[in-house]
Participant: 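Can you read through this structure? Questions will come right after.
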2 protein chains.
Amino acid sequence: MATGSRTVRPRSSVWLSERKTPRRKGDQQPVGLDHLKIVAATMRLLDAEGLAGFSMRRLAAELGVTAMSVYWYVETKDHLLELALDAAMGEIALPIETVRSVEAAGPVEGPEYTPAEPRDWRDQLRQVASEYRRVLVRHPWLAALLGEYLNIGPNAVVFNHAALAVMRNSGLPDDRITSALALVYQFVYGFGTIEGRFAARCRAAGLTQDELYHEMMGTVADRIEFDEARKVMEARGGTTVQEMQDRDFTFALDLAIAGIESLKER
Amino acid sequence: MATGSRTVRPRSSVWLSERKTPRRKGDQQPVGLDHLKIVAATMRLLDAEGLAGFSMRRLAAELGVTAMSVYWYVETKDHLLELALDAAMGEIALPIETVRSVEAAGPVEGPEYTPAEPRDWRDQLRQVASEYRRVLVRHPWLAALLGEYLNIGPNAVVFNHAALAVMRNSGLPDDRITSALALVYQFVYGFGTIEGRFAARCRAAGLTQDELYHEMMGTVADRIEFDEARKVMEARGGTTVQEMQDRDFTFALDLAIAGIESLKER
DNA sequence: ACCTGAACACCGTTCAAGT
DNA sequence: ACCTGAACACCGTTCAAGT
């Protein structure tokens, strides 16, 4: 109230604005940069230093170039991060039959397909969910960007389409589909987020997951309120952190699937 | 690789370090600031301007004080945000019997209790979940902070304890509890996150939720791949955005509960 | 067409100094 | 005990200029 208020930046999406660099005419690459190289370096830097450690100036240094060069290819930092976001979404391997109809509408770059193609909707759901989880963990910055931007890039569109296609095979009535999608993918999002953050924390501290886990349990163990919580933590079984996480993830998905199965005949 | 790499800041939690200001001796407030006032102003600013618009300098201006004064009460910006995070967690109203055992261990400031006290675990779960959702939407910055910090403040501890207490009444075996908790609360987290972001976007643009929704559908409607998606979007019913969101949320919770009910007798 | 350098308006935080 | 001012090392981005 006191000082002049700053309006929240409008932040139009990359996907809703003109490409900044017009498509190259011939094959002759000029010398230095290009879109692909910039996005790749961005992702490498994000993986290594995290979102907070990323800056346009750091990126330029990484590319061996002056701070402002990148701006010839990319309008703003936000747009660049949106490109990285969609590139990460492209790493999610999808069952091929779920993306065919989309691909027919135009070529899509990026997504990998798994060799084994499950037919049952439950297995397809498990595949898409665990692929999404895998990518969230591999790129711990992805979750924050998903919360920040619209996520309407080409790869995101393919992903959403695939998720929808799988859920439509569940037998759930149409008016329940969005709910079921929300339950499953918001769960995976949250789960992958904290799993990825924990993994990043371990890398930063130079500890294994199990080491950091026990250390955290130690600093917190003297709090009386955690007695009951610890009982449950211990009951969940698994000797390593990774095993516990896998069990939790798998069974949570089973719960969701069981819920869908039990409510689909109404 | 090129330039000297910056290590990721260690970032110790507020809750794991000494209080910066020793407790006041008598009643005589000095003149200016104090912890409560600072955190309250922080939350007000975060609500109004968003996380990206918040800075220590803005906060100081809001408090009518120089930029560095706040640092006498708070170690870093991170610590301050952690305090705001836990204060927000304290706004989640919990069924009173779920927090009694925690309160016995020591006084807890903040949490409100609802007058109606549901006995059935499903209703308790619905209450805790929708309260969590409500707070996430009211404070759109909360989700980002939950992803950033450890969330082990006193109010967070009470919340986790309550969530656990409710789930233990579900009849699920102990080794499934953490999974079920993850499914439900990660879902609510994700759902509340995007709902809150959408609401904030509306406020920033000066539009109602329905206006912005239709505008977004418009800019995106010309994409061929969205045909199938739109069919499902329309099927979910509800005339307003709020109704659609409420329906989606309610039924997704029903799915989770049905899954728990159906898997608890194994 | 592509890249640079200087400059602007911001950050979080340190540190010596005031009262 | 509390608050200030100047300073440091950073940001994202603009803009005029180079080739």
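Atoms considered below: every heavy atom in the structure, side chains included; atoms not considered: hydrogens, waters and symmetry mates. Note on naming: letters A, B, ... go to the chains in the order of the sequence lines (proteins, then strands), and numbering restarts at 1 for each one. Computed from a predicted model, the values in this text were never measured in an experiment.
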Participant: Using a 3.5 Å limit on both pairing distances, list the dot-bracket string of DNA chain C from the 5' end; Watson-Crick and G-U wobble pairs count, crossing pairs take [ ], interstrand pairs take |.
Facilitator: ||.|||||...|||||.||

Participant: Apply side chain to side chain contact (heavy atoms under 4.5 Å, CB included) to A/Ala84 and list each qualifying residue two or more places apart in sequence or on a separate chain.
Facilitator: A/Thr42, A/Met43, A/Leu46, A/Trp141

Participant: Nearest-Å distance, CE (A/Met56) to C1' (C/dT4)?
Facilitator: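 So the two atoms are 15 Å apart, to the nearest Å.
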
Participant: If I take atom CH2 in residue B/Trp72 and atom C1' in nucleotide D/dC3, what distance separates them, rounded to the nearest angstrom?
Facilitator: 10 Å

Participant: Please state how far atom CG in A/Asp34 lies from atom C1' in C/dA1, giving the value in whole angstrom units.
Facilitator: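 Going from CG in A/Asp34 over to C1' in C/dA1 covers 14 Å.
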
Participant: Compute the ring centroids of A/Tyr185 and B/Phe191, then answer whether they are less than 6.0 Å apart.
Facilitator: no

Participant: Got A/Glu148 and A/Leu81 here, is their nearest side-chain heavy-atom distance under 4.5 Å?
Facilitator: no

Participant: Will you find, in the side chains of A/Glu82 and A/Ser13, an N or O donor that is under 3.5 Å from an N or O acceptor?
Facilitator: yes

Participant: Output all residues satisfying ring pair (Phe, Tyr, Trp, His ring centres under 6.0 Å) with B/Tyr132, sequence neighbours left out; order by chain, then residue number.
Facilitator: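 Counting only residues at least two positions away or on another chain, B/Tyr132 forms a ring pair (Phe, Tyr, Trp, His ring centres under 6.0 Å) with B/Phe159.
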
Participant: Any idea which of C/dA1, C/dG5, C/dT13 is nearest the A/Thr66 side chain?
Facilitator: C/dG5

Participant: Nearest to the side chain of B/Lys77, which nucleotide is it out of D/dA1, C/dT4, C/dG12?
Facilitator: C/dG12

Participant: To the nearest Å, give me how far apart CZ (B/Arg58) and P (D/dC11) are.
Facilitator: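 To the nearest whole Å, that distance equals 23 Å.
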
Participant: Any chance you could list the contact pattern along nucleotides 14-19 of chain D? Use B for base contacts, S for sugar-phosphate-only contacts and - for none, protein heavy atoms under 4.0 Å, 5' to 3'.
Facilitator: B-----

Participant: Could I get the full list of side-chain hydrogen bond (donor to acceptor under 3.5 Å, both in side chains) partners for B/Glu195, not counting sequence neighbours?
Facilitator: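 Expected list: B/Arg133.
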
Participant: Report yes if at least one side-chain N or O of A/Tyr73 is closer than 4.0 Å to OP1 or OP2 of C/dA1; otherwise report no.
Facilitator: no

Participant: Starting at CG of B/Leu51 and ending at C1' of C/dG12, how long is that distance when rounded to a whole Å?
Facilitator: 14 Å

Participant: Indicate the atoms forming the closest heavy-atom contact of B/Val137 with B/Gly192, along with that distance.
Facilitator: CG2-O, 4.0 Å

Participant: Can you identify which nucleotide, out of C/dG12, C/dT4, D/dG12, has its nearest atom closest to the A/Ser69 side chain?
Facilitator: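 Shortest atom-to-atom distance from the side chain points to C/dT4.
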
Participant: Rounded to the Å, how far apart are A/Leu59 CG and D/dG12 C1'?
Facilitator: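 In whole Å, D/dG12 C1' and A/Leu59 CG are 13 Å from each other.
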
Participant: Between B/Ser55 (side chain only) and B/Arg58 (backbone N and O only), is there a donor and an acceptor less than 3.5 Å apart?
Facilitator: yes

Participant: Suppose we screen for side chain to side chain contact (heavy atoms under 4.5 Å, CB included). Which residues come up paired with A/Glu75, at least two apart in sequence or across chains?
Facilitator: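 Scan of A/Glu75 (side chain to side chain contact (heavy atoms under 4.5 Å, CB included), adjacent residues dropped) gives A/Lys20, A/His79.
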
Participant: What is the distance, rounded to the nearest whole Å, between atom CZ of A/Arg57 and atom P of C/dA9?
Facilitator: 15 Å

